[in-house]
A.B. asks: 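This structure is in structure tokens; I'll ask about it shortly.
Just the heavy atoms: all of them, side chains too, but no hydrogens, waters or symmetry mates, feed the values below.
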Amino acid sequence: MGSKLLDKKFLSHMIPLASPIILQQFIFSSLGMVDSMMIGQLGETAVAAVGVANQVFFLATLLFFGITSGSAIFTAQYWGQKDIQRIQKILGLSLVMSMIGGLIFSLVAILYPEWVIGIYTRDPEAIVLGADYLQIVAFGYLFSAITYSYSAVLRSIENVKIPTLVSLIALSLNSILNYGLIFGNFGLPAMGVSGAALATVIARIIETTILLIIIYRKKLPVAAKPANLLDFRGLDLGKYFRTTLPVIITEIVWSFGMTTYSVVYARIGTESIAAYNIAVSLDRLIFVVFIGLGNACAIMIGNQIGAGEIDTAKSYGKKFLIYGTIGSTILSVIMLLVMNPILSLYKVSPETLEYAQKILILMSCSLPIRSLNLIILIGILRSGGDTLYAFYIDAGVIWIVGVPLALLGGFIFHLPIYWVYLMVLADEIVKFVLGLTRFFSHRWIHTLTEPA
């Protein structure tokens with residue numbers, strides 16, 4: 001097995017695809033953790049308020065992710081055939097749907113910020129701070145929709161460096177502006193959490209602008225004219241929506257499940273949701289490796305299926321699962337080692353730190369299963385066009401298993417947040433069993449594209 005695992009052809013393809021995505025996500029998560037630490041200097045309420053407000057962006061990005069990853073299933077297979085025209089048409093569909101979704105989220109957040117924040121928390125101070133943050137940051141959602149669409153298609157045609165470079169610039173700018181606008185450095189006004197929101201909007205606008213300039217100046221395959229983006233003739237729209245709608249609905253249903261978790265955590269107490277947000281910032285930093293592997297897996301398997309190399313696609317799936325198992329085991333140990341030094345940087349109460357520490361221990365222990373679930377559901381099943389079954393696993397299990405347990409633990413038994421989080425992890429175990437069974441059945445492989 002060792003010689004098969006260390007397949008030079010496989011590694012020479014996987015590493016250039018996964019590495020930039022891992023780097024991009026690492027930068028995103030590390031700067032996000034730095035931002036969290038900056039806001040953490042303002043106390044638990046500020047951490048909780050911004051964390052709750054960002055749940056709205058989390059929902060929006062999951063919608064974007066559902067739309068763009070559904071579209072990427074097709075673009076990856078079309079790239080296997082080098083069908084540029086249809087790739088541009090798919091990009092156009094992705095842009096239209098993502099921008100409509102972004103506009104809806106923006107309007108709700110701008111017009112009804114207190115109502116939105118009030119869903120998550122009853123803390124009056126957190127509602128005021130969160131609403132101020134949300135009303136500003138919502139102006140960036142539309143730009144994120146555009147960036148997500150172009151970046152996803154670029155990755156699916158194996159151009160991962162440009163989205164990574166642009167994200168690096170934007171995220172670095174975001175952190176610099178946060179330092180200035182939160183605390184009043186660089187001659188900028190000290191705006192607190194509102195400054196963090198303004199910094200995010202500025203960074204999103206610049207990110208989108210730079211990305212589009214690079215794409216059209218370099219005349220990349222996605223540099224389509226508006227008329228081409230909106231010309232959907234020649235696409236099998238029925239097949240497109242049958243494949244992508246389960247992905248989009250999965251992300252929406254799953255995201256509302258995750259939102260329910262956040263509501264439960266926030267209603268347990270301000271310290272609890274603050275602790276969860278602190279723990280998540282470190283978990284995301286570690287989890288970036290598997291986001292990179294999952295994306296590379298989706299691209300490589302999609303390309304192979306589009307090219308008719310079904311046996312190679314199956315082999316790639318097995319190798320990604322093996323690499324995911326090895327990597328997640330190592331990184332779970334690293335998470336435990338770095339946990340306390342990082343937590344010591346937060347100026348929050350001892351109770352919040354204790355909760356965050358216990359949640360991180362659970363996140364570390366569950367990392368192998370959570371990472372393999374991402375690779376199976378996002379990297380393998382979706383890239384094979386098995387989106388309906390992935391929907392049943394991802395969206396179904398969270399509501400049948402995870403949400404009832406969260407409500408039971410938080411509202412009926414009134415358990416501390418770390419016990420509620422432990423109960424919620426049952427949904428990951430169920431998803432893992434169902435996903436692995438589906439993978440070995442080989443019924444997840446569907447050829448979605450036809451020659452132009």
A.B. asks: Any chance CZ of Phe139 has more than 12 other-residue heavy atoms, nucleotides or ligands included, within less than 6.0 Å?
C.D. replies: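 Open.
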A.B. asks: Would Thr352 and Ser349 count as having a side-chain donor-acceptor pair, cut-off 3.5 Å?
C.D. replies: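 Short answer, yes.
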A.B. asks: Please tell me if the side chains of Leu235 and Phe74 come closer than 4.5 Å, counting only heavy atoms from C-beta onward.
C.D. replies: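 Side chain of Leu235 against side chain of Phe74, heavy atoms only: no contact under 4.5 Å found.
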A.B. asks: I'd like to know whether the aromatic ring centres of Trp444 and Tyr389 sit less than 6.0 Å apart in this structure.
C.D. replies: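 Distance test on ring centres: not under 6.0 Å, no.
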A.B. asks: Once the angle between the rings of Tyr141 and Phe105 is folded into 0 to 90°, is it parallel (under 30°), tilted (30 to 60°) or perpendicular (over 60°)?
C.D. replies: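 Answer is perpendicular, since the angle exceeds 60°.
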A.B. asks: Is Ser167 reaching over with its side chain to a backbone N or O of Thr164, donor-acceptor style, under 3.5 angstrom?
C.D. replies: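 Not confirmed, Ser167 side chain does not pair with Thr164 backbone.
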A.B. asks: Please evaluate residues Ile110 and Ile136 with respect to the criterion side-chain contact (heavy atoms from CB on, under 4.5 Å), reporting the C-alpha separation (whole Å), side-chain torsions for both, the decisive distance (0.1 Å), and the verdict.
C.D. replies: CA-CA 7 Å; Ile110 291 167; Ile136 296 170; over 6 Å; no
A.B. asks: Drop me the distance from Ile169's CD1 to Ile210's CD1, to the nearest 0.5 angstrom.
C.D. replies: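 Rounded to the nearest 0.5 Å, the CD1-CD1 separation comes out at 4.5 Å.
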A.B. asks: So do Val96 and Leu230 actually touch side chain to side chain, heavy atoms under 4.5 Å?
C.D. replies: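 In contact.
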A.B. asks: Taking the side chain as everything from C-beta on, heavy atoms only, tell me whether Asp394 gets closer than 4.5 Å to Lys431.
C.D. replies: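 Counting from C-beta outward, Asp394 and Lys431 do come under 4.5 Å.
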A.B. asks: Test side-chain contact (heavy atoms from CB on, under 4.5 Å) on Leu343 and Met339; report intermediate values, then the result.
C.D. replies: CA-CA 6 Å; Leu343 289 178; Met339 175 179 66; 3.9 Å; yes
A.B. asks: With no hydrogens and no angle check, is any side-chain donor or acceptor of Asn373 less than 3.5 Å from a backbone partner on Glu428?
C.D. replies: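 Indeed, once roles are kept as given, a pair shorter than 3.5 Å links the two residues.
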A.B. asks: Can you measure from CG (Leu237) to CZ (Arg242) and round to the nearest 0.5 angstrom?
C.D. replies: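 Leu237 atom CG to Arg242 atom CZ measures 10.5 Å (nearest 0.5 Å).
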A.B. asks: Taking all non-hydrogen atoms of both residues into account, name the closest pair between Ser194 and Asp132 and its distance.
C.D. replies: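 So the two residues come closest at OG-CB, 3.7 Å.
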A.B. asks: What pair of heavy atoms forms the shortest contact from Phe256 to Leu59, and how long is it?
C.D. replies: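 Shortest heavy-atom contact: N-CD2, 4.3 Å.
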A.B. asks: So, does Thr208 use its side chain to make a donor-acceptor pair with the main chain of Phe143 at under 3.5 Å?
C.D. replies: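 Yes.
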A.B. asks: Which heavy-atom pair separates Leu372 from Leu321 by the least distance, and what is that distance?
C.D. replies: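 Looks like CD2-O, 3.5 Å.
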A.B. asks: Is a side-chain donor or acceptor of Thr209 paired with a backbone partner of Ile205 at a separation under 3.5 angstrom?
C.D. replies: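 At least one qualifying donor-acceptor pair exists.
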A.B. asks: Determine whether a donor-acceptor pair (N or O, by modelled atom type, separation under 3.5 Å) exists between the side chain of Lys89 and the backbone of Leu229.
C.D. replies: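 Not a single qualifying donor-acceptor pair exists.
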A.B. asks: Just jot down the ring-ring contact (aromatic ring centres under 6.0 Å, His included) partners of Phe320, sequence neighbours excluded, or say none.
C.D. replies: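 Result, ring-ring contact (aromatic ring centres under 6.0 Å, His included) vs Phe320: Phe10.
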A.B. asks: Closer than 3.5 angstrom, by distance alone: can the side chain of Ser151 be matched with the main-chain N or O of Tyr148 as a donor-acceptor pair?
C.D. replies: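 Absent.
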A.B. asks: Mind checking the CG-CD1 spacing from Leu422 to Ile359? Nearest 0.5 Å is all I need.
C.D. replies: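 The distance works out to 11.5 Å.
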A.B. asks: Calculate, to the nearest 0.5 Å, the distance between atoms CD1 and CG belonging to Ile157 and Leu220 respectively.
C.D. replies: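 Between atom CD1 of Ile157 and atom CG of Leu220 there are 7.0 Å.
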A.B. asks: Under a 4.5 Å cut-off applied to non-hydrogen side-chain atoms, are Pro246 and Tyr392 in contact?
C.D. replies: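 No, their side chains stay 4.5 Å or more apart.
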A.B. asks: Distance-only, no hydrogens or angles: does the Asp283 side chain make a donor-acceptor pair with backbone N or O of Ala279 under 3.5 Å?
C.D. replies: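 A pair under 3.5 Å: no.
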A.B. asks: Using every non-hydrogen atom in the two residues, find where Ser98 and Ser149 come nearest and quote the distance to one decimal.
C.D. replies: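 Residues Ser98 and Ser149, closest heavy atoms: OG-OG, 3.4 Å.
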A.B. asks: Around atom OH of Tyr112, are there more than 12 heavy atoms from other residues, nucleotides or ligands closer than 6.0 Å?
C.D. replies: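 No, the 6.0 Å shell around OH holds no more than 12 heavy atoms from other groups.
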A.B. asks: Do the side chain of Trp419 and the main chain of Gly410 share a donor and acceptor less than 3.5 angstrom apart?
C.D. replies: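 Checking the backbone N and O of Gly410 against the side chain of Trp419, no donor-acceptor pair under 3.5 Å is found.
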A.B. asks: Decide yes or no for Leu425 and Ile369: does some side-chain heavy atom of the first lie under 4.5 Å from some side-chain heavy atom of the second?
C.D. replies: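 Leu425 vs Ile369: side chains apart.
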A.B. asks: Just so I know, are the side chains of Leu282 and Phe287 near enough to count as touching, which here means a heavy-atom distance under 4.5 Å?
C.D. replies: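 In short, these two side chains do not touch, never coming nearer than 4.5 Å.
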A.B. asks: Between Leu154 and Val160, is any pair of side-chain heavy atoms under 4.5 Å apart?
C.D. replies: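 No, every pair of side-chain atoms sits at 4.5 Å or beyond.
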A.B. asks: Would you give the length of the straight line joining atom OH of Tyr216 to atom CG of Leu211, rounded to the nearest 0.5 angstrom?
C.D. replies: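 These two atoms lie 10.0 Å from each other.
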A.B. asks: Output yes when a side-chain donor or acceptor of Gln88 lies under 3.5 Å from a complementary backbone atom of Pro221, and no otherwise.
C.D. replies: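 Checking the backbone N and O of Pro221 against the side chain of Gln88, a donor-acceptor pair under 3.5 Å is found.
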A.B. asks: Looking at every non-hydrogen atom in both residues, tell me the closest pair between Leu360 and Met335 and how far apart they are.
C.D. replies: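 In this case the closest contact between Leu360 and Met335 is O-SD, 3.8 Å.
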A.B. asks: Going through the checks in order, is the side-chain contact (heavy atoms from CB on, under 4.5 Å) test met by Tyr276 and Tyr355?
C.D. replies: CA-CA 8 Å; Tyr276 178 74; Tyr355 288 170; over 6 Å; no
A.B. asks: Run the numbers on Val153 and Ile87 for side-chain contact (heavy atoms from CB on, under 4.5 Å), then give the verdict.
C.D. replies: CA-CA 8 Å; Val153 175; Ile87 287 173; 3.8 Å; yes
A.B. asks: Are Tyr240 and Ser71 linked by a side-chain donor-acceptor pair shorter than 3.5 Å?
C.D. replies: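 Judged by distance alone, the side chains do pair up.
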A.B. asks: Return each pair, listed once, that meets side chain to side chain donor-acceptor pair (under 3.5 Å) where at least one residue sits in residues 263-275; pairs must be two or more places apart or across chains.
C.D. replies: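 Residue pairs passing side chain to side chain donor-acceptor pair (under 3.5 Å), neighbours aside: Asp123-Thr270.
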A.B. asks: Surrounding CE of Met99 (heavy atoms of other residues, nucleotides or ligands, distance under 6.0 Å), is the total greater than 12?
C.D. replies: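 Open.
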A.B. asks: Check whether any side-chain heavy atom of Phe290 sits under 4.5 Å from a side-chain heavy atom of Leu367, and report yes or no.
C.D. replies: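 Yes - at least one pair of side-chain heavy atoms lies under 4.5 Å apart.
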A.B. asks: Whether the side chain of Arg370 engages the backbone of Met363 through a donor-acceptor N/O pair (distance < 3.5 Å, no angle test) should be reported.
C.D. replies: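 Checked: pair present.
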A.B. asks: So how far is it from Ile39 CD1 to Asn277 CG, rounded to the nearest 0.5 Å?
C.D. replies: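 Nearest 0.5 Å value for the CD1-CG distance: 9.5 Å.
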A.B. asks: How close do Gly130 and Ile117 get, heavy atom to heavy atom, and via which atoms?
C.D. replies: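 Shortest heavy-atom separation between Gly130 and Ile117 comes out as C-CG1, 3.7 Å.
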A.B. asks: Scan side-chain atoms only and decide if Ser332 and Ser364 contain a donor-acceptor pair under the 3.5 Å cut-off.
C.D. replies: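 No, because no side-chain N or O of Ser332 sits under 3.5 Å from a partner of the opposite role on Ser364.
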